[in-house]
Amino acid sequence: MKYGFIGLGNMATAIIKGMCKSEDFESSSIHGFNRTIAKATTLATTYGIHANNSIEELMANCDVIILSVKPQMLPDVLPEVKKHLLDRHIIVSIAAGKNISYFQENLSATTPIIRVMPNINAIVGASTSCYTASEQVTDAQLQLVTSLFETVGTIIEVPENLFSIFTTIGGSSPAFTYMYIDALARAAVREGMPKNMALDIAANAVLGSAKMILQSQEHPWELVDRVCSPGGTTIQGVSSLQSNHFETTIHDAVAAVTNKDRNLSK
Ligand SMILES: NC(=O)C1=CN([C@@H]2O[C@H](COP(=O)(O)OP(=O)(O)OC[C@H]3O[C@@H](n4cnc5c(N)ncnc54)[C@H](O)[C@@H]3O)[C@@H](O)[C@H]2O)C=CC1
Ligand SMILES: O=C(O)[C@@H]1CCC=N1
């Protein structure tokens, strides 16, 4: 099997890195095409993948075509993909907002299409990804594509009607979490702690808290209560966050992202 990435930005670079580091994929089986050709040649030099000069060349070389351009670039890219589409091709899209029917309308109703939503933590092998597949996709094809995304983290199936909300809490939320970690660290800088030290502590506290949620089986509010000693320090901060609408602020941000994602498919 040969894998071809169209668009070699943040996400494709992370996924290619994961594939090349894994024992399951040969770098010689990976091809890439980017509008700015230098990005392809850099990846070819770094990881030993093939730099292709056109979508036509990439599609002739590859079986699994991974569309990794921004959603707004798809109207430029899809006509060229459609022109060179063959029966052997499997289309994988990681674009936000574009649903399977969009690709069926703009490419072909019979081509196997798998929609995947990874996240930027793929760069460190820690993406929380999901997929949904068109009915033409076989179990073997699905296995192939999920194993590809397992090289950069975990992947689960999500029905397409939940894809927008997954995109928000799985795909976009790393940005919110980075903001939260940075806010904690800056607050510590105000108290005199060096920024690097504060970032390290804040990030590790978030990492540990995430492990607690995943491993303890306890409700998050039970965990909150366990941190808040009666008359102690933490409850002061928890009350302050509640008075400042912590939860509704997050809900508003999640709704804003999800609405934008839903509008992209219209
Ligand atoms: N950045 C993120 O955290 C995530 C992004 N995504 C999705 O992944 C996709 C890619 O996002 P990024 O990697 O962040 O974007 P990016 O902007 O870093 O990469 C896109 C690449 O496509 C290239 N490109 C643009 N037009 C092209 C064309 N006509 N032909 C060939 N190459 C072209 C650009 O030169 C660029 O290198 C998007 O659809 C986005 O919705 C999904 C999950 C997370
Ligand atoms: O902001 C975006 O559009 C993409 C989708 C998920 C994360 N980044």
Side-chain angles (χ1 to χ4, degrees), residues 4-19 31-44 46-47 49-59 61-62 65-84 91-100 102-103 106-107 113-132 145 148-149 152-156 158 162-179 253-266:
F5 288 80
I6 300 178
L8 299 172
N10 289 304
M11 291 311 299
T13 301
I15 298 162
I16 289 169
K17 179 181 161 199
M19 289 173 78
H31 293 245
F33 167 70
N34 197 78
R35 192 178 45 184
T36 320
I37 300 293
K39 285 197 186 175
T41 43
T42 302
L43 281 178
T46 311
Y47 296 113
I49 70 160
H50 300 278
N52 289 181
N53 290 309
S54 65
I55 290 177
E56 178 178 5
E57 183 188 349
L58 180 130
M59 297 213 36
N61 283 329
C62 299
I65 310 298
I66 302 109
L67 302 170
S68 40
V69 294
K70 295 281 187 201
Q72 59 269 29
M73 299 315 297
L74 286 170
D76 287 351
V77 166
L78 292 187
E80 193 62 14
V81 172
K82 183 176 181 170
K83 222 192 285 177
H84 304 290
I91 301 291
V92 177
S93 164
I94 62 165
K98 298 298 183 192
N99 51 28
I100 285 185
Y102 172 83
F103 295 100
N106 288 283
L107 290 176
I113 297 164
I114 306 178
R115 189 179 168 195
V116 177
M117 182 47 56
N119 76 28
I120 197 75
N121 295 331
I123 293 171
V124 292
S127 175
T128 306
S129 313
C130 79
Y131 71 86
T132 189
V145 171
L148 189 163
F149 284 89
V152 289
T154 56
I155 182 161
I156 57 164
V158 159
L162 295 179
F163 230 79
S164 286
I165 187 62
F166 182 96
T167 298
T168 310
I169 69 162
S172 303
S173 75
F176 305 167
T177 309
Y178 304 150
M179 287 170 72
V254 166
V257 176
T258 310
N259 288 337
K260 175 74 181 180
D261 188 88
R262 288 195 180 118
N263 284 334
L264 275 176
S265 60
K266 284 184 184 153

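From a predicted model like this one, the values you see are computed outputs, not experimental measurements. All ligand and atom numbering here is 1-based and tracks the order in the structure.
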In this structure, atom 2 (C) of ligand 2 is nearest to the protein heavy atom A96 CB, 4.8 Å
Where does N10 meet ligand 1, judged by heavy-atom distances below 4.0 Å: at the side chain, the backbone, both, or neither? both
Flag: protein heavy atom within less than 4.0 Å of atom 4 (C) of ligand 2: no
With heavy-atom distances below 4.0 Å as the criterion, list the atoms of ligand 2 near G171. 6 (C), 7 (C)
For atom 16 (P) of ligand 1, which of P71, G7, G9 has the closest heavy atom? G9
Looking only at protein heavy atoms, which one is nearest to atom 1 (O) of ligand 2, and what is the separation? S172 OG, 4.8 Å
Is the closest N or O pair between M11 and ligand 1 shorter than 3.5 Å? yes
Please confirm whether D76 comes within less than 3.5 Å of ligand 1 when only nitrogen or oxygen atoms on both sides are compared. no
So for ligand 1, is N119 a polar contact partner (N or O within less than 3.5 Å, distance only)? no
Ligand 1 versus A95: contacting region, heavy-atom distance under 4.0 Å: both
So, regarding F33 and ligand 1 (criterion: nitrogen or oxygen to nitrogen or oxygen, under 3.5 Å), is there a contact or not? no
Are any of the N/O atoms in V69 less than 3.5 Å from those in ligand 1? yes
Judged by heavy atoms only, the candidate from M73, K70, Q72, E80 nearest atom 12 (P) of ligand 1 is K70
Which of the listed options, N34, I55, I94, L58, holds the heavy atom that is closest to atom 21 (C) of ligand 1? N34
Considering only heavy atoms from C-beta outward, does the side chain of I94 approach that of F149 to under 4.5 Å? yes
Has the side chain of S68 got a donor or acceptor atom that lies under 3.5 Å from a matching backbone atom of G7? yes
